[in-house]
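This report concerns only the one structure given below.
Numbering of ligands and ligand atoms starts at 1, following listing order. Computed from heavy atoms alone, side chains included, the values below leave out hydrogens, waters and symmetry copies.
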Amino acid sequence: MARRRPIMAANWKMNKLVGEAREYVEQLLPRIEGAGGADIAVFVPFTALGEVARLTEGTPVVAGAQNFYYEDSGAFTGEVSAPMLLDVGAAAVIVGHSERREIFGETDEMVARKAARVVSAGLLPVVCVGETKEERDSGGMWEKVSRQVRAVFEYLGDETSGEPIVFAYEPVWAIGTGDTATPEDAQDATSKIRGLLGELRGEDFAGAVRILYGGSVKPGNVGEIMAQEDVDGGLVGGASLEAESFAELVNAAANVESG
Ligand code: 13P
């Protein structure tokens with residue numbers, strides 16, 4: 001089967017001032033000139049989003065937000081809407097990152113409403129799912145992940161095709177810990193997610209959806225993770241903060257062998 005087009009995505013989390021963001025983009029662009037084989041996204045704090053979108057316009061790099069709220073305007077102090085993201089040039093949004101779910105109390109329902117709004121706004125959602133260490137150790141990985149994936153489809157229109165949505169399997173125990181899932185674990189979870197997408201929306205949909213792995217991805221392990229049949233890219237925190245190391249990951253994703 002033809003391989004889906006890989007994506008390498010940086011999630012800066014709550015890091016970088018505008019000046020640092022500018023410097024990063026300047027360092028990144030010349031290092032990824034040969035990376036035409038992959039889509040590249042950089043998910044940055046709201047404060048740097050307009051600047052990063054402006055600096056990456058006309059380049060292979062897409063600027064994205066790490067969160068937003070699904071209402072378009074109104075009395076929602078502190079929130080940012082999909083039209084506001086479009087207004088500053090964002091093209092993608094992370095939805096339901098485990099840090100949003102765990103620290104800020106986002107529920108499956110909120111994640112589902114957000115995913116639907118992102119798609120209807122014409123932005124690309126990267127929907128994160130993943131289990132905790134306790135859930136994995138007690139054999140509950142698939143129960144958790146399948147529930148999270150099913151929930152996303154609650155508000156998503158039937159007409160949504162496979163390409164406008166990306167999933168990221170990010171086991172919580174592998175995030176920021178240096179404790180990467182084995183390539184086999186990553187393949188096991190991503191293939192199960194694809195199987196479930198097939199049940200929910202049919203094989204064409206499932207075959208087109210790109211599923212990323214996230215959790216301590218770095219230049220030293222990206223090759224074996226990307227080599228897995230159902231892993232279509234990476235969502236990277238720590239190793240994306242330096243332009244040089246993120247460029248290595250991008251180039252690895254762009255050069256992945258067809259599987
Ligand atoms: P790390 O790459 O730092 O483990 O973070 C992964 C992540 O949460 C990406 O969204």
Exercise for the section: Answer yes or no: is there a donor N or O on one side and an acceptor on the other, between the side chain of R22 and the main chain of A48, under 3.5 Å? Expected result: no

Practice task
Would you please classify the geometry between the Y213 ring and the Y169 ring as parallel, tilted or perpendicular, with 30° and 60° separating the classes?
Solution key: tilted

Practice task
Would you sort out whether E135 and T132 count as a side-chain hydrogen bond (donor to acceptor under 3.5 Å, both in side chains), showing the intermediate values?
Solution key: CA-CA 5 Å; E135 288 160 344; T132 63; 3.2 Å; yes

Fill in the blank from the handout: The side-chain contact (heavy atoms from CB on, under 4.5 Å) partner of T190 among I225, D232, L212, D230 is D230

Handout entry: Ligand-side contact atoms (ligand 1) for residue partner G176, heavy atom cut-off under 4.0 Å
Key = 1 (P), 3 (O), 4 (O)

Fill in the blank from the handout: Within 4.0 Å of some non-hydrogen atom of K13, the atoms of ligand 1 are 5 (O), 6 (C), 7 (C), 8 (O)

Practice task
Without swapping roles, check the side chain of R4 against the backbone of G207 for a donor-acceptor pair under 3.5 Å.
Solution key: yes

Exercise for the section: Quick one: look up the protein heavy atom nearest atom 9 (C) of ligand 1 and list residue, atom name and how far away it is. Expected result: E170 OE2, 2.9 Å

Practice task
Below 4.0 angstrom from a heavy atom of N11, which ligand 1 atoms are there? Numbered from 1 as shown, please.
Solution key: 9 (C), 10 (O)

Handout entry: Numbering as shown, the atoms of ligand 1 that approach L235 to under 4.0 Å (heavy-atom distance)
Key = 9 (C), 10 (O)

Fill in the blank from the handout: Among non-hydrogen protein atoms, atom 3 (O) of ligand 1 lies closest to G238 N, 2.8 Å

Problem - Close-contact set for ligand 1 against G215 heavy atoms, below 4.0 Å - result: 4 (O), 6 (C)

Exercise for the section: Would you mind listing which atoms of ligand 1 come within a distance below 4.0 Å of any non-hydrogen atom of A174? Expected result: 4 (O)

Exercise for the section: For the residue pair Y24 and W12, categorise the inter-ring angle as parallel (less than 30°), tilted (30 to 60°) or perpendicular (more than 60°). Expected result: perpendicular

Handout entry: Minimum non-hydrogen distance to atom 8 (O) of ligand 1, winning option of K218, H97, Q66
Key = H97

Exercise for the section: Please report which non-hydrogen protein atom sits nearest to atom 2 (O) of ligand 1, along with the residue it belongs to and the distance in Å to one decimal place. Expected result: G237 N, 2.9 Å

Handout entry: Donor-acceptor contact below 3.5 Å, side chain Q148 vs main chain G130
Key = yes

